Engineer: 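Here you go, one structure.
Note that the coordinates shown come from a computational prediction; the quantities given were computed from them, not determined experimentally. Chain A is the first sequence line, chain B the second, and so forth, proteins listed ahead of strands; every chain is numbered from 1.
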Number of protein chains: 2
Amino acid sequence: MNYIAPTDCPYYLITRVSLTLTSVLKRELADNTLESVKPAYLGVLMCLWTDTAMGEMLSKFGSDDGMKLSELGRRAGLEPSSMTGLIDRMERDGLVCRTDDPVDRRAQKIHLTEKGAQVRDNVFKAVDGMLGKSFTGISPDQMDVAKQVLRQVLTNVNKGS
Amino acid sequence: MNYIAPTDCPYYLITRVSLTLTSVLKRELADNTLESVKPAYLGVLMCLWTDTAMGEMLSKFGSDDGMKLSELGRRAGLEPSSMTGLIDRMERDGLVCRTDDPVDRRAQKIHLTEKGAQVRDNVFKAVDGMLGKSFTGISPDQMDVAKQVLRQVLTNVNKGS
DNA sequence: TCCATATATTACGCATGCATAATATATGGA
DNA sequence: TCCATATATTATGCATGCGTAATATATGGA
């Protein structure tokens, strides 16, 4: 019969969990009055928050050089063509803004807006809430193995590129 | 600094692996001259193949009652509103067809076409290829733990619904 | 200086999924 | 029989990502 239960197929499990976690995150964000923050914004926001923190640590208060759209895409793991729409939506939702790169006229710099910087702590709360609710009943050891497996998949597939 | 490496965040890992596996599967399907089979079709096809096999085992050769669109959605884990477009595309690509349900005039029955039945073995080959390439270097024990973790997430989140 | 090549963005179309609302049909009582 | 409620599908719009092609700008030699 060759019948395979869906929950035995790793592909089914992973795609389903991915959608599920995104859905839970969306709810957590809404519960924290963060309707303007979509799950897909996380990668970009993390990069910009980290970058800003780095800048402050280096005593460059208020400098905010911004980050190139292409560099953001590389760090967040998204194709350039996916970035345009993403940054469009984030700009529409008031979290970031674009400026021309003063050095490279092909490029744009992406900056956090004041709002984009302020939502940081609440977004972390929402993410923690999502992870807490979703991963209850799972031991740290199990979690480690699971993460290792997922990392291995990324390594396997990216080996050729 | 509160900096978290992307590969330490389970959410990042899972969403990334989900996209990666889908991309690998798409390539495998293309390599097996199965351009008309999109990754998203898998769930529905599996249900219909299984159902047909069951029917044959019960000596109902050629009966093919088809399966209700709503029932397919339940089994594949998709919302009804996601099913319309999916079945539209599968019909466009020649893998299934709709007929009216003779018993329930609200419902439609979805049937495999001849092509939809024939691609079965090659689709299994493509899925096996995708899993093989993606999960090399992972022991059965690790795999079991990973699957258990993913199942637990689905259980945790669906508990309330 | 000038061209071939590389890089940064954007434009467009497609695939997938969800939520909400509309429509048609069933179904279980009053 | 008739209505309130439930179920099956579809229509619409949005979010997310990808691939390909077009456009603008950089850059490293000849």
Side-chain angles (χ1 to χ4, degrees), chain A residues 11-12 14-27 29-30 35-44 66-74 76-93 95 98-110 161, chain B residues 11-12 14-27 29-30 35-44 66-74 76-93 95 98-110 161:
Chain A
Y11 180 60
Y12 175 87
I14 287 172
T15 53
R16 200 87 324 251
V17 168
S18 173
L19 287 170
T20 299
L21 291 182
T22 299
S23 152
V24 173
L25 176 56
K26 198 182 285 184
R27 211 177 314 145
L29 288 166
E35 289 80 8
S36 61
V37 180
K38 310 288 163 59
Y41 299 175
L42 265 191
V44 167
M67 198 178 291
K68 280 210 260 187
L69 188 149
S70 48
E71 178 60 22
L72 273 172
R74 265 187 293 275
L78 292 174
E79 293 298 316
S81 65
S82 307
M83 289 299 295
T84 303
L86 180 60
I87 298 297
D88 283 351
R89 289 190 293 278
M90 293 184 71
E91 212 169 11
R92 177 202 64 192
D93 293 336
L95 300 168
R98 286 171 161 102
T99 61
D100 291 336
D101 186 322
V103 184
D104 187 337
R105 294 214 287 161
R106 294 168 304 178
Q108 302 233 312
K109 292 280 201 169
I110 312 301
S161 70
Chain B
Y11 180 59
Y12 175 87
I14 287 171
T15 52
R16 199 91 316 255
V17 168
S18 173
L19 288 170
T20 298
L21 292 182
T22 298
S23 151
V24 173
L25 176 56
K26 198 182 284 181
R27 210 176 317 145
L29 289 166
E35 288 81 7
S36 61
V37 181
K38 309 288 162 64
Y41 299 174
L42 264 190
V44 167
M67 197 177 294
K68 281 211 260 187
L69 188 150
S70 48
E71 178 61 19
L72 273 173
R74 266 187 293 277
L78 293 175
E79 293 298 315
S81 65
S82 307
M83 290 298 295
T84 303
L86 180 61
I87 298 297
D88 283 350
R89 289 189 294 277
M90 292 183 71
E91 213 170 9
R92 177 202 63 191
D93 294 337
L95 299 168
R98 288 169 159 103
T99 61
D100 290 338
D101 186 321
V103 184
D104 186 337
R105 293 215 286 159
R106 296 168 302 179
Q108 302 231 312
K109 292 280 203 171
I110 312 300
S161 71

Engineer: If I take atom CZ in residue A/R27 and atom P in nucleotide C/dA19, what distance separates them, rounded to the nearest angstrom?
Structural biologist: 9 Å
Engineer: Testing the basics here: between B/L29 and B/V37, what is the closest heavy-atom pair and its distance to 0.1 Å?
Structural biologist: CD1-O, 3.1 Å
Engineer: Specify the residue among B/D104 and A/P80 whose closest nucleotide of DNA chain C lies further upstream toward the 5′ end.
Structural biologist: A/P80
Engineer: Would you please confirm or rule out a distance under 4.0 Å between OP1 or OP2 of D/dT23 and any side-chain N or O of A/R105?
Structural biologist: no
Engineer: B/I87 CD1 to C/dA15 P: how many Å, rounded?
Structural biologist: 15 Å
Engineer: Run B/L25 and B/L42 through side chain to side chain contact (heavy atoms under 4.5 Å, CB included) and show every step you take.
Structural biologist: CA-CA 10 Å; B/L25 176 56; B/L42 264 190; 3.7 Å; yes
Engineer: Would you mind reading off the distance between A/M83 atom CE and C/dT10 atom P, rounded to a whole angstrom?
Structural biologist: 10 Å
Engineer: For the pair made of CG in B/L25 and P in C/dA15, what is the distance, rounded to whole Å?
Structural biologist: 15 Å
Engineer: Can you list the stems that DNA chain D is part of, where a stem is at least 3 pairs in a row, each Watson-Crick or G-U, with both distances below 3.5 Å?
Structural biologist: C:1-30 with D:1-30
Engineer: Rounded to whole Å, how long is the line connecting atom CG of A/L69 with atom P of D/dT23?
Structural biologist: 20 Å
Engineer: Hey, what do you get for CZ (A/R89) to OG1 (A/T84), rounding to the nearest 0.5 Å?
Structural biologist: 10.0 Å
Engineer: Just how far, in rounded Å, is C1' of C/dC14 from CG of B/D93?
Structural biologist: 12 Å
Engineer: One pair to check against side chain to side chain contact (heavy atoms under 4.5 Å, CB included): A/V44 and A/M67. What are the steps and the verdict?
Structural biologist: CA-CA 10 Å; A/V44 167; A/M67 198 178 291; over 6 Å; no
Engineer: Mind checking the CG-CG spacing from B/L78 to B/L72? Nearest 0.5 Å is all I need.
Structural biologist: 9.5 Å
Engineer: Yes or no on side chain to side chain contact (heavy atoms under 4.5 Å, CB included) for B/L21 and B/V17, after CA distance, side-chain angles and deciding distance?
Structural biologist: CA-CA 6 Å; B/L21 292 182; B/V17 168; 3.9 Å; yes
Engineer: Could you state the CG-P distance from B/L42 to C/dG17, rounded to the nearest angstrom?
Structural biologist: 10 Å
Engineer: Quick one, A/Q108 with A/D100, criterion side chain to side chain contact (heavy atoms under 4.5 Å, CB included). Give me CA distance, side-chain angles, the key distance, then yes/no.
Structural biologist: CA-CA 5 Å; A/Q108 302 233 312; A/D100 291 336; 3.6 Å; yes
Engineer: When you measure from the side chain of B/S18 to the backbone N and O of B/I14, does any donor-acceptor pair fall under 3.5 Å?
Structural biologist: no
Engineer: Determine the contact category for A/T84: base if any of its heavy atoms lies under 4.0 Å from a base atom, sugar-phosphate if only primed atoms, P, OP1 or OP2 are that close, otherwise nothing.
Structural biologist: base
Engineer: Whether B/R98 contacts D/dA8 is assessed here as follows: a side-chain N or O lying under 4.0 Å from the phosphate OP1 or OP2. Is that the case?
Structural biologist: no
Engineer: Is there a donor N/O on one and an acceptor N/O on the other, under 3.5 Å, for the side chain of B/R106 and the base of D/dT7?
Structural biologist: yes
Engineer: How does protein reach along nucleotides 16-22 of chain D, written 5' to 3' as B (base within reach of a heavy atom under 4.0 Å), S (only sugar-phosphate), or - (no contact)?
Structural biologist: BSBBB--
Engineer: Using whole Å, report how far CD of B/Q108 lies from P of D/dA11.
Structural biologist: 10 Å
Engineer: Taking atom OG1 of B/T22 and atom CZ of B/R27, what is their separation to the nearest 0.5 Å?
Structural biologist: 11.5 Å
